[in-house]
Amino acid sequence: MELEKAMMVAGLGCRKGASAEDVLAAIDAALAAYALSPAALSALATAKFKQDEAAIVAAGQRLRLPVLLADDAALRLVSLRALTRSEASLAVSGTPSLSETAALAGAGQHARLLGPRTVLGPVTCALAESDP
């Protein structure tokens with residue numbers, strides 16, 4: 001039996017028009033809060049409805065990480081585990097924090113948030129980790 005590898009996922013939310021540099025800066029700020037480097041990341045994650053968000057796609061390409069897309073059901077499933085509540089996020093995504101729920105959904109069933117999301121300009125980033 002092979003054990004699954006532990007993973008760390010950066011969940012992302014952003015306003016339309018955010019740049020890849022904005023997304024990368026938010027990821028760096030979230031990682032810095034926990035003294036982590038980008039090498040700690042296994043993937044980026046966001047909502048499926050953001051699949052064409054150029055800034056998130058470009059950030060994934062620059063970091064050479066897959067961008068996981070969580071559907072509405074997956075985001076709702078973990079929404080009670082979000083640490084912050086944003087009325088803007090609720091209106092747009094139906095979740096209290098798109099970045100937090102995307103990170104949790106992307107990291108798997110037993111994932112936990114490292115802490116509340118980081119907000120930097122037009123981007124939010126939350127980190128979740130899973131254990132094997």
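This one's a predicted model, so the numbers in the text were calculated from it and none came from an experiment.
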- prompt: Leu83 and Ile27: same hydrophobic cluster, using ILVMFWY side-chain contacts below 4.5 Å?
  reply: no

field: For Arg15, salt bridge (Lys or Arg N to Asp or Glu O under 4.0 Å) partners two or more places apart
entry: none

Distance (rounded to the nearest 0.5 Å) between Gln61 CD and Ile56 CD1: 12.5 Å

query: Of all heavy-atom pairs between Arg117 and Ser97, which one has the smallest distance, and what is that distance?
result: CD-OG, 3.6 Å

message: Quick check: closest heavy atoms across Ala18 and Val123, and the distance to 0.1 Å?
response: CB-CG2, 4.2 Å

- prompt: Can you check whether Leu127 reaches Leu31 side chain to side chain, under 4.5 Å on heavy atoms?
  reply: yes

message: To check you understand the geometry: which heavy-atom pair defines the closest contact between Ser79 and Thr101, and what is its length?
response: CA-CG2, 3.6 Å

- prompt: At their closest point, which heavy atom of Leu113 faces which heavy atom of Ala82, and how far apart are they?
  reply: CD1-CA, 4.3 Å

message: Tell me if a side-chain donor or acceptor on Asp22 pairs with a main-chain N or O of Ser19 at a distance below 3.5 Å.
response: yes

field: Sequence-distant partners of Arg62, salt bridge (Lys or Arg N to Asp or Glu O under 4.0 Å), two or more places apart
entry: Glu21

message: I need the minimum non-hydrogen distance between Ser130 and Ala107, along with the two atoms involved.
response: CB-O, 3.1 Å

- request: For Glu100 and Thr84, indicate whether the former's side chain and the latter's backbone hold a donor-acceptor pair under 3.5 Å.
  value: yes

message: Main chain of Leu98, side chain of Ser89: is a donor-acceptor contact present, judged purely on distance under 3.5 Å?
response: yes

What side-chain donor-acceptor pairs closer than 3.5 Å can you find for residues 66-78, not counting sequence neighbours?
| unit_1 | atom_1 | unit_2 | atom_2 | d |
| --- | --- | --- | --- | --- |
| Asp71 | OD1 | Ala73 | N | 3.3 |
| Asp71 | OD1 | Ala74 | N | 2.8 |

N/O donor-acceptor pairs under 3.5 Å from side chains in residues 39-54, not counting sequence neighbours:
| unit_1 | atom_1 | unit_2 | atom_2 | d |
| --- | --- | --- | --- | --- |
| Ser42 | OG | Met8 | N | 3.2 |
| Thr46 | OG1 | Leu12 | O | 2.8 |
| Lys50 | NZ | Cys14 | O | 2.7 |

field: Same apolar cluster (I L V M F W Y, side chains within < 4.5 Å links), Met7/Leu65
entry: no

query: Partners of Arg81 by side-chain hydrogen bond (donor to acceptor under 3.5 Å, both in side chains), sequence neighbours excluded?
result: none

- prompt: Are Val119 and Leu104 connected in a single hydrophobic cluster, I mean Ile/Leu/Val/Met/Phe/Trp/Tyr linked by side-chain heavy atoms less than 4.5 Å apart?
  reply: no

Qualifying residues under side-chain hydrogen bond (donor to acceptor under 3.5 Å, both in side chains), relative to Glu87, sequence neighbours excluded: Arg85

- line: Ala59 and Ala20 have their tightest heavy-atom pair at N-CB, 4.5 Å

